[in-house]
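Encoded as structure tokens, the structure appears first; notes follow it.
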Amino acid sequence: MHGDDACRGSAAEGRPPATAYINRIATAVPPHDVHSSFVRFASTLFGDERSRVLFGRMADKAQISHRFSVLAPSAEVGGASIDAGRFYLRGGFPTTADRMRLYEKHAPELAAQAVAGLDLGSAARRITHVIVTSCTGFSAPGIDLELVERFGLDPSVERTMIGFMGCYAAINALKLARHIVRSAPEARVLVVNVELCTLHLQEAVAMDQMLSFLLFGDGCAAAVVSAEPKGLALDRLHAVVVPGTRELITWNIRDLGFEMFLSGRVPGAIDRGLKAAAGAILDGAAPGEIDLWAVHPGGRSVLDAVEHALDLGPLALGASRDVLARFGNMSSATIMFVLQSIVADARPGMRGCAMSFGPGLTAETVLFHTA
């Protein structure tokens, strides 16, 4: 017996499982806004005017105004490097080892910035579990131990790293945190989602690759999950794998960084998958019965596909579109930015649905309500 089955077993024995709540969410981004400089630099990589015009038009349609990076942008448009530190040099992009050295330097700092926003104070010693998600870097000893030391957590705290699951990893972390709290109501779980997506830019002039690089920025979210009835109650989690879509999103480690492929067929696959699985995702509820929507803004076309599949009104995905415009796609951290935005204005008792998409093609979803 495992997972929710184990929890149902304890309920049958007279002890109902605890409800897990996201009590608090804090977020952080690096100081450098790189979106405009990237668009200008990328346009210089195309050898013909038609491609430059097309890229500019697609950049405008992306509905992204800002993306942040640990790398400072170069002041020289069309120069030898996209960034001031000359990390990305034309004809000499960095190796995977070079990228991981910067990850080891900057990821713990960004994670600490987000966790500091939770204002744990003396309550840091009450944290029983730490879960860290990241698909943009690896190192050991890693971010989990850095946070234990920096914030005075109990050195015996239970630590879990969730790696390389992509944009839906935060919901998998919430799933794990929920299982922990339901089986141990005294638990307090610190969940951290840190991604440095801009360390994996590839030297390419293919239009589809450049458009995918147009989406991603760096960011981190931190949250506390416990049985304390405050924040967002995690009611039900459900995963959907869309058949025949395995090749549409891939993320592989290669000699010159982590290489992403993001097919233009992804929005259509999401549309089909959500239409087919809406009843299971919403546990029989109609989309109109959901008050709050927190959808991972994988791109404007992804949000359009969700809106179309579930027949949502034009304002339903407002929080997701706002996060996309202000930060871009920060992989696993992004959905937590959206949830943070939603909970700030939500009234008690509102019902919500969160969902993220990633390799598989998989949709990880959560039904929640406001405490």
So, [X] and [Y], do they make that salt bridge, N to O below 4.0 Å?
X      : Y      : answer
Asp283 : Arg236 : yes
Glu186 : Arg126 : no
Asp60  : Arg57  : no
Glu228 : Arg24  : no

Working to the nearest 0.5 angstrom, can you tell me the gap between [X] [atom1] and [Y] [atom2]?
X      : Y      : atom1 : atom2 : result
His129 : Ile180 : NE2   : CD1   : 4.5 Å
His106 : Ser69  : NE2   : OG    : 8.5 Å
Ile82  : Leu89  : CD1   : CG    : 11.0 Å
Cys135 : Met165 : SG    : CE    : 10.5 Å
Leu71  : Phe87  : CG    : CZ    : 6.5 Å
Leu339 : Ile25  : CG    : CD1   : 5.0 Å

Requested in this report: Test Arg90 against Glu203 for side-chain contact (heavy atoms from CB on, under 4.5 Å), laying out the working first.
Outcome: CA-CA 8 Å; Arg90 293 180 191 265; Glu203 191 167 23; 4.3 Å; yes

Keeping the roles fixed (side chain from [X], backbone from [Y]), state whether a donor-acceptor pair exists under 3.5 Å.
X      : Y      : answer
His238 : Val366 : no
Arg159 : Asp144 : no
Ser320 : Ala294 : no
Thr128 : Arg188 : yes
Thr250 : Glu247 : no
Thr96  : Gly257 : yes
Tyr88  : Leu201 : yes
Gln113 : Ala28  : no
Thr370 : Gly349 : yes
Asp345 : Ile342 : no

[X] versus [Y], closest heavy-atom pair with distance:
X      : Y      : value
Val181 : Val225 : CG2-O, 3.9 Å
Leu248 : Val266 : O-CG2, 3.8 Å
Phe357 : Cys167 : O-CB, 3.1 Å
Val192 : Cys220 : CG1-SG, 3.8 Å
Leu324 : Gly299 : CD2-C, 3.9 Å
Leu214 : Ala62  : CD2-CB, 4.0 Å

Determine whether [X] and [Y] make a side-chain contact, defined as any pair of heavy atoms from C-beta on separated by less than 4.5 Å.
X      : Y      : value
Arg246 : Leu361 : no
Leu312 : Leu317 : yes
Arg321 : Gln63  : yes
Arg254 : Gln202 : no
Leu262 : Phe213 : no
Arg67  : Met330 : no
Leu174 : Met336 : yes
Leu196 : Arg99  : no

Requested in this report: Give the ring-plane orientation class for Phe68 versus Phe327, where under 30° counts as parallel, over 60° as perpendicular and anything between as tilted.
Outcome: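 Answer is tilted, since the angle falls between 30° and 60°.
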
Report task. Report yes or no: do Thr136 and Glu195 form a side-chain donor-acceptor pair below 3.5 Å? Result ->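 Side chains of Thr136 and Glu195: pair found under 3.5 Å.
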
**Report entry** Check: Thr27/Gln340 side-chain N/O donor and acceptor closer than 3.5 Å
**Finding:**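 Result is yes, a qualifying pair exists.
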
**Report entry** Ring-ring centroid check Phe258 Phe164, cutoff 6.0 Å
**Finding:**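 Yes, the ring centres sit under 6.0 Å apart.
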
Requested in this report: Give a yes or no on whether the ring-centroid distance for Phe46 and Phe55 is below 6.0 angstrom.
Outcome: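 Yes, close enough.
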
Query raised in the report: Do Met210 and Leu256 belong to the same hydrophobic cluster, where Ile, Leu, Val, Met, Phe, Trp and Tyr are linked whenever their side-chain heavy atoms lie under 4.5 Å apart, directly or via other members?
Result: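 No; Leu256 is not reachable from Met210 via cluster members.
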
Query raised in the report: Out of curiosity, does Leu292 fall in the hydrophobic cluster containing Tyr21 (side-chain heavy atoms, cut-off under 4.5 Å, transitive links)?
Result: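 In one cluster with Tyr21: Leu292, no.
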
**Report entry** Pair Ile22-Leu234, side-chain contact (heavy atoms from CB on, under 4.5 Å): steps then yes or no
**Finding:** CA-CA 7 Å; Ile22 306 175; Leu234 301 174; 3.9 Å; yes

Report task. Could you walk me through whether Ser301 and Asp304 pass the side chain to side chain donor-acceptor pair (under 3.5 Å) test, one step at a time? Result -> CA-CA 5 Å; Ser301 59; Asp304 291 346; over 6 Å; no

Query raised in the report: Please walk me through it: do Glu49 and Arg52 pass salt bridge (charged side-chain N to carboxylate O under 4.0 Å, His left out)?
Result: CA-CA 5 Å; Glu49 182 64 19; Arg52 285 193 289 271; 3.1 Å; yes

Report task. Using the side chain to side chain donor-acceptor pair (under 3.5 Å) rule, take Ser74 and Ser81 through it: C-alpha gap first, then chi angles, then the decisive distance, then the call. Result -> CA-CA 7 Å; Ser74 173; Ser81 176; 5.9 Å; no

Report task. Scan Phe93, Phe216, Trp251 and name whichever one has a ring pair (Phe, Tyr, Trp, His ring centres under 6.0 Å) with His200. Result ->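 Single pass found, and it is Trp251.
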
Query raised in the report: Checking side-chain contact (heavy atoms from CB on, under 4.5 Å) for the pair Val130/Leu153: CA distance, chi angles, key distance, verdict?
Result: CA-CA 9 Å; Val130 175; Leu153 276 58; 3.5 Å; yes

Report task. Take atom CZ of Arg125 as the centre, draw a 6.0 Å sphere, and report whether it contains more than 12 heavy atoms from other residues, nucleotides or ligands. Result ->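 It does: Arg125 CZ has more than 12 such atoms within range.
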
Requested in this report: Verify the neighbour count for atom NZ of Lys275: are there more than 12 heavy atoms of other residues, nucleotides or ligands below 6.0 Å?
Outcome: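 Counting other residues, nucleotides and ligands, NZ of Lys275 exceeds 12 neighbours.
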
Query - CA sep, side-chain torsions, deciding dist, call: Cys197, Asn329, side-chain contact (heavy atoms from CB on, under 4.5 Å) - result: CA-CA 9 Å; Cys197 302; Asn329 182 346; 6.0 Å; no

